[in-house]
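For ligands, and for the atoms within them, numbers begin at 1 and follow the listed sequence. All residue numbers in this chain count up from 1 along the given sequence.
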Amino acid sequence: MATLAVLTSGGDSPGMNAALRAMVKVAASRGVRVLGVQDGYDGLIDGVTRDLTVSAPHAPGGLAACRDVDVLGNEGGTLLGSARCARFRETEHRAVAADRLRALDGLVVIGGNGSLTGAHLLASECATPIVGIPASIDNDIGCTATALGVDTALNTILECCDRIGDTARSHRRAFVVEVMGRHSGYLAMASAVAAGADGVLLREQGRTEDQLVDAVAEMIRRSFALDRDRRRVLIVKAEGVEVPCTRLVRRVEEKLAGGMNVEIRATVLGHLVRGGRPTYQDRMIAGRLGLAAVDAALAGLTDRMMAWMPPVGGGTPTSDPAVFHFGLDAVLRETDALLDGTSPVTKWRLKTLESLESALGL
Ligand code: F6P
């Protein structure tokens with residue numbers, strides 16, 4: 001009987017469990033056993049796995065998904081556990097993992113930038129097919145329109161901003177809301193536009209602390225201008241902007257003191273944004289990438305990532321018109337470019353934001 005292994009790695013993201021469920025069910029229907037690796041690459045090195053398929057004599061493939069997979073498929077987090085595994089950067093530990101994979105027919109890695117880098121290295125060091133599924137709320141993975149968890153995270157941020165808006169309007173206050181995204185401002189930018197925010201602060205804009213203070217003060221001044229009937233100012237700040245929210249707010253208050261009477265508050269959403277049940281979109285994409293990943297691994301493809309690219313994209317099309325696969329080397333190159341700002345996608349995002357910025361506070 002063929003056996004695949006699967007692991008989730010890096011920051012958890014909503015949709016990981018839905019991808020696991022899809023993979024296990026598809027594999028079971030093809031009579032393929034699935035082993036779940038505990039806690040990412042740590043479990044692969046240490047050989048900690050458990051069967052995610054159970055014997056089901058009446059099912060077409062003689063196998064079915066275990067109860068955990070079935071029950072937790074709609075939940076956030078990852079039922080396999082996750083980790084950022086420093087040991088996996090070392091060749092000797094990857095050699096142990098490669099040794100364990102020898103007896104298997106494929107490995108699917110569900111995770112973000114660091115996890116896919118690990119998958120790429122491992123693929124060049126072992127003959128077992130290795131396939132990736134992009135999962136990171138930050139939407140910072142190259143060659144895919146989105147990653148698992150992004151849609152859920154954005155919806156969570158919008159819900160929080162709407163709630164904060166209730167309080168802001170009640171007290172006529174300005175709020176600076178910080179959202180996750182250490183290296184990528186995507187969540188901040190996309191949520192700011194969708195929440196009708198008055199401004200957005202991204203690491204990619206390269207503002208100094210003084211420039212940030214000036215920009216926020218100006219956003220507040222403009223939005224609360226006397227000739228306008230505004231009671232809420234919302235500024236979304238990406239985590240990657242290194243000035244802490246509280247310091248920024250204090251400095252802006254000092255700058256505005258005397259000129260206008262305004263209360264400013266800071267809210268850091270932090271890990272709140274990473275949890276929660278996946279939205280329909282994340283579950284749907286998880287299902288389709290999960291199916292494609294199983295078929296790719298069983299077909300012997302290796303060093304590839306399944307990508308969500310509707311309606312058209314480069315790469316090699318699969319039987320699903322929205323799912324393509326790309327070589328992990330190309331994915332990682334594009335990921336670097338997304339993060340260092342040289343990717344046309346990042347340039348386009350920033351340019352779009354620039355053209356929108358003057359309209360945001362109106
Ligand atoms: O998963 C990516 C991410 O959400 C970043 O946006 C954030 O900076 C980081 O994870 C936080 O990671 P940790 O949970 O390890 O502190």
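Set against the non-hydrogen atoms of Arg274, the atoms of ligand 1 under 4.0 Å away are 1 (O), 3 (C), 4 (O), 9 (C), 10 (O), 11 (C), 12 (O), 13 (P), 14 (O).
At under 3.5 Å, a nitrogen or oxygen of Gly181, whether backbone or side chain, sits near a nitrogen or oxygen of ligand 1.
Distance from atom 4 (O) of ligand 1 to its nearest protein heavy atom, with residue and atom name: Met180 SD, 3.1 Å. The nearest heavy-atom contact from the protein to atom 15 (O) of ligand 1 is Arg84 NE, 3.0 Å. Here the protein heavy atom with the shortest distance to atom 2 (C) of ligand 1 is Asp138 OD2, 3.1 Å.
Salt bridge Arg50/Asp68: present, at least one basic N to carboxylate O contact under 4.0 Å. A salt bridge is absent between Arg222 and Glu218; no separation between the charged side-chain nitrogens and carboxylate oxygens falls under 4.0 Å. Using a cutoff of 4.0 Å between basic side-chain nitrogens and carboxylate oxygens, Arg247 and Glu209 are scored as salt-bridged. Looking at Asp70 and Lys25, a side-chain N of the basic residue comes within less than 4.0 Å of a carboxylate O on the acidic one, giving a salt bridge.
By heavy-atom distance, the residue among Glu239, His271, Arg182 lying nearest atom 9 (C) of ligand 1 is Arg182.
Taking 4.0 Å as the cut-off, Gly112 does not count as a neighbour of ligand 1 on heavy-atom distance.
Evaluated for a side-chain hydrogen bond (donor to acceptor under 3.5 Å, both in side chains) with Asp46, the options Arg87, His93, Gln38 yield exactly one hit, Arg87.
Counting side-chain heavy-atom gaps under 4.5 Å among Ile, Leu, Val, Met, Phe, Trp and Tyr, the cluster of Leu104 also holds Leu7, Leu35, Val37, Tyr41, Leu44, Ile45, Phe88, Val96, Leu101, Leu107, Val109, Leu122, Ile130.
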